[in-house]
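Input: a single structure, listed below in structure tokens.
Values in this document were obtained by computation on a predicted structure and should not be read as measured data.
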Amino acid sequence: MIGIDTNLLARYLAQDDTAQSPLASQIIDGFTSEAPGYISQVVLVEPSGS
């Protein structure tokens, strides 16, 4: 199981960085029931910092 951090989740959802967003998509889209990802509650409630 791979833990997803705030930066990875933000790049995946926003698709705003030409270098990092495709990598984030590749990682997240690659999760399966046999190799799942995990988003902790801390990541979900962390302020965006903007």
Please list, one pair per line, the donor and acceptor atoms closer than 3.5 Å that link side chains of residues 36-45 to other protein atoms, with sequence neighbours excluded.
{"unit_1": "Ser40", "atom_1": "OG", "unit_2": "Val42", "atom_2": "N", "d": "3.4"}
{"unit_1": "Ser40", "atom_1": "OG", "unit_2": "Val43", "atom_2": "N", "d": "3.3"}

Checklist line | Rounded distance [0.5 Å steps], CD1 in Ile27 versus CD1 in Ile4 | finding: 9.0 Å
Note to self: With clusters defined by side-chain heavy atoms of hydrophobic residues (ILVMFWY) lying less than 4.5 Å apart, directly or transitively, does Leu8 cluster with Leu13?
What the structure shows: yes
Notebook entry, point to check: Considering residues at least two apart in sequence or located in another chain, which fulfil the side-chain contact (heavy atoms from CB on, under 4.5 Å) criterion with Ile2?
Noted result: Phe31
Checklist line | Closest heavy-atom pair and its distance - Tyr12, Ala24 | finding: N-CB, 3.9 Å
Checklist line | Residue pairs fulfilling salt bridge (Lys or Arg N to Asp or Glu O under 4.0 Å) with at least one residue in residues 13-38, sequence neighbours excluded | finding: Arg11-Asp16
